[in-house]
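Quick note on labels: first sequence line is chain A, next is B, and so on, each numbered from 1.
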Amino acid sequence: MEISLVSGNGITPIPNSQSPLTCSCFPFLPFPFSATAVRPFKNSKFTVFATTTVELNETRNWQRNVPPKSSKIVSLRNKTRQSAILDVQESSDLDSALSRSGGKLKAQDLNVILRHFGKLNRWKELSQLFAWMQQNEKTNIASYSGYIKFVGKSLDPMKALDIYNSIKDELTRNNVSVCNSLLDCLVKNGKFERCLNMFHQMKQAGLKPDIVTYSTLLVGCAKVKDGYSKATELVRELKYHGLQMDSVIYGTLLSVCASNNQCQEAERYFMEMKSEGYSPNVFHYSSLINAYSVDGNYTKADELIQEMKSGGLVLNKVILTTLLKVYVRGGLFEKSRELINKLDKLGYAEDEMPYCILMDGLVKAGKVTEAKTLFDEMKNKNVKTDGYAYSIMISGFCRGGLLQDAKQLASSYEAKYDRYDIVILNTMLCAYCRAGEMDNVMKMLKKVDESAISPDWNTFHILIRYFCKEKLYILAYHTLDDMHKKGHQPEEELCSSLIHYLGKTGAHAEAFSVYNILKYSKRTMCSALHEKILHILVAGRLLKDAYIIIKDNAGSISQSATQKFAVSFMKSGNINLVNDVIKAIHSSGCKIDQKLFHMAISRYVEDSEKKDLLLQLLKWMPGQGYSVDSSTRNLILKKSHLYGCQIVAELLSKQQVVSKTKSRQTRTK
DNA sequence: ATAGGGTTAG
């Protein structure tokens, strides 16, 4: 493997990342990858749901059974438009079809085609069509809300934002469907912060939010930290605007509570909902049971199950699976096992989820063997798997230090399935890294690169740890840099150990770069790190950078480290900064000793062009209580003809006054 | 005539 050419001393340069043969996810990796077909691992829930919605609406329209307009002319025109729609929709050359038939179409006809492309995930044609509609001024509100929705579905929230921001017409921009469409797009793509900002901006511009708007925003709260308090705020706001809470909003709220560990608040909303006359359905119950799973509160979960039964509700697959989660979290493994059997009898254990829940619990309780037994049992039953079960077991083995088992299971997954997503990839990567299987690590990275999967925070961490373990510090550095550029914040501990190794192996500039990455991605960092990087910079003769460290972090650097830096700087630092460095050291509370002054002044007298700097220093010294000693004084006097005898004499005599005062003070002490 | 919504697994 070429990678082993990068030696452990951390100095061998990495092949040029511009090379067309490198990996696009990890541009610094020194092996050739070709990007092949892009195929998502799983259908997202969203895709399924959005399709269902569109189909549902169409069914509704059809059921509405609008009577046809009677006039022959109208029906003829409709026919013309209908065939024009089909022409554009089915054409293999969209542009020519549009120039041929586009003129016959109205905005609402073009919207039909827009939805058609959107439904089939034909994003390129979707944008092309919309651009044409804009150019020919054949858009209406539906075009915007529909197009933004589909751009969101195509996972391009930034483009959706651009489109929204480019809307000039105020009525369109403040239209509630257009706004809801954009907000939903941001939520679905994990840009909740942005979504809230947008929401405030929209309100200021004149949007009148409706219940859909709040519902959309509340869904986002379930996915973020601190989502609960934001949800509370939103609920207060919607009530203030006179909007009515409904059953689904309560459902969303309960799920927000469950995912934010707000068990008591979930109970409160559940009660409130009941008192407003809504009877809870399976969604409400499953969210509340899920909230109980956090603490494994099986007593309360069982009570809810009883309540459902007496209310005549059917215990469906999700309810029973959620109940299993409660039992597992509560450590009731026997009872969990019985519940799985029950699920199996009901035909609810056809996919791997219930097994996964129990296996995960067992593994986390240190019962890896029991988990493996269940895993084998599941496989013998030919239960469908998407890789979850494998990743639970593989990481379980890793956690238990059973690296050979982990590796074996990983390769058996590879042999049987050719489907990957980020979690299974990370798990396998981790297993191979822990087992030290370089070739397999590379194979996994190649998989990442060949698929549409983008490496996440975890991927980078696993890799960086591994490269450090293998003493490939420069490679670890490049990975960290890439991680940072892709917007992930690396952990401080990882950075600090990498800084340590890079420093030790002579990669001083890289160490400094890691320090800066940490500094700019975190508000606080361990203060000992400043001193650590200072030592590295001094060792690497990166004295100007070291000076900045001293200046910015005076409080957290020891006197001895400062002193060491100062000596180095006086010896070989940039002469034009010598005075600045002396001042910085002084103001950091460190006394400047005679040796330093002597070194600085020796450098000045060697270079007659630095006369002004010398005079400046001599002028500054007495004000701070410093004076030169006799040997330094002689050094200056030898060259005083260069500086003007008069000035030098004056400056030195001022210093003598200082030194006399000082020695007198010392004596009286 | 366009927007939206709740439950389980790594």
Say whether [X] and [Y], considering side chains only, have a donor N or O and an acceptor N or O under 3.5 Å apart.
| X | Y | result |
| --- | --- | --- |
| A:Ser143 | A:Asn111 | yes |
| A:Asp456 | A:Thr459 | yes |
| A:Lys407 | A:Asn440 | no |
| A:Thr213 | A:Lys208 | no |
| A:His461 | A:Asn458 | no |
| A:Asp226 | A:Ser229 | yes |

*Not counting sequence neighbours, which residues clear salt bridge (charged side-chain N to carboxylate O under 4.0 Å, His left out) with A:Lys381? List them please.*
A:Asp344, A:Glu377
In whole Å, I'd like the distance from the [atom1] atom of [X] to the [atom2] atom of [N].
| X | N | atom1 | atom2 | result |
| --- | --- | --- | --- | --- |
| A:Asp184 | B:dT2 | CG | P | 16 Å |
| A:Tyr147 | B:dA3 | OH | C1' | 17 Å |
| A:Asn111 | B:dA3 | CG | C1' | 13 Å |
| A:Leu110 | B:dA1 | CG | P | 14 Å |
| A:Gln244 | B:dG5 | CD | C1' | 16 Å |
| A:Met133 | B:dT2 | CE | P | 12 Å |
| A:Leu234 | B:dG6 | CG | C1' | 16 Å |
| A:Leu425 | B:dG10 | CG | P | 17 Å |

Side-chain donor or acceptor of [X] under 3.5 Å from a matching atom on the base of [N]?
| X | N | result |
| --- | --- | --- |
| A:Asp210 | B:dG4 | no |
| A:Asp421 | B:dG10 | yes |
| A:Ser215 | B:dG4 | no |

Between [options], which nucleotide gets closest to the side-chain atoms of [X]?
| X | options | value |
| --- | --- | --- |
| A:Val219 | B:dG6, B:dA3, B:dT2 | B:dG6 |
| A:Glu352 | B:dA3, B:dA9, B:dT2 | B:dA9 |
| A:Ser255 | B:dG10, B:dG6, B:dA9 | B:dG6 |
| A:Ser177 | B:dT2, B:dG6, B:dG10 | B:dT2 |
| A:Thr322 | B:dG4, B:dT8, B:dA1 | B:dT8 |
| A:Lys188 | B:dG5, B:dA1, B:dG6 | B:dG5 |
| A:Ser181 | B:dA3, B:dG10, B:dG6 | B:dA3 |

*Supply the atom-to-atom distance A:Ser293 OG to A:Lys300 NZ, rounded to the nearest 0.5 angstrom.*
14.0 Å
*Please determine if a side-chain N or O atom of A:Arg115 lies less than 4.0 Å away from the OP1 or OP2 oxygen of B:dT2.*
yes
*Respond yes when some side-chain nitrogen or oxygen of A:Lys149 is under 4.0 Å from OP1 or OP2 of B:dT2, and no when none is.*
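No.
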*Hey, is A:Lys335 close enough to A:Asp302 for a salt bridge, meaning N to O under 4.0 Å?*
yes
*In plain terms, say whether A:Lys168 and A:Glu137 are close enough for a salt bridge, that is, a side-chain N and a carboxylate O under 4.0 Å apart.*
no
_Once salt bridge (Lys or Arg N to Asp or Glu O under 4.0 Å) is applied, what residue pairs with a partner in residues 256-265 of chain A remain, sequence neighbours excluded?_
A:Glu265-A:Arg268
Need one value for [X]: base, sugar-phosphate or nothing, where a base atom within 4.0 Å counts as base even if backbone is also close, heavy atoms only.
| X | answer |
| --- | --- |
| A:Leu182 | nothing |
| A:Ile392 | sugar-phosphate |
| A:Ser145 | sugar-phosphate |

Which residues in [range] have a heavy atom closer than 4.0 Å to any atom of DNA chain B?
| range | answer |
| --- | --- |
| residues 356-385 of chain A | A:Ile357, A:Asp360 |
| residues 333-351 of chain A | none |
| residues 278-293 of chain A | A:Asn281, A:Phe283, A:His284, A:Ser286, A:Ser287, A:Asn290 |
| residues 191-208 of chain A | none |
| residues 294-320 of chain A | A:Val318 |

*Within the 6.0 Å centroid threshold, strictly below: A:Phe270 and A:Tyr285*: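 Yes, ring centres under 6.0 Å apart.
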_Any residue meeting ring-ring contact (aromatic ring centres under 6.0 Å, His included) with A:Tyr432, in chain and number order, not counting sequence neighbours_ =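 Not a single residue meets the ring-ring contact (aromatic ring centres under 6.0 Å, His included) criterion with A:Tyr432.
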*ring-ring contact (aromatic ring centres under 6.0 Å, His included) partners of A:Phe130, counting only residues at least two apart*: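 Scan of A:Phe130 (ring-ring contact (aromatic ring centres under 6.0 Å, His included), adjacent residues dropped) gives A:Tyr144, A:Tyr147.
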_Once side chain to side chain donor-acceptor pair (under 3.5 Å) is applied, what residue pairs with a partner in residues 190-200 of chain A remain, sequence neighbours excluded?_
A:Glu193-A:Lys230
*Going by the ring pair (Phe, Tyr, Trp, His ring centres under 6.0 Å) test, which pairs reach into residues 209-235 of chain A, not counting sequence neighbours?*
A:Phe199-A:Tyr214
_Pairwise ring pair (Phe, Tyr, Trp, His ring centres under 6.0 Å) hits with a residue in residues 311-366 of chain A, at least two apart_ =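 Qualifying pairs, neighbours excluded: none.
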*Verify, without hydrogens or angle tests, whether A:Asp184 (side chain) and A:Asn180 (backbone) share a donor-acceptor contact under 3.5 angstrom.*
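Flag not set: sc A:Asp184 to bb A:Asn180 has no pair under 3.5 Å.
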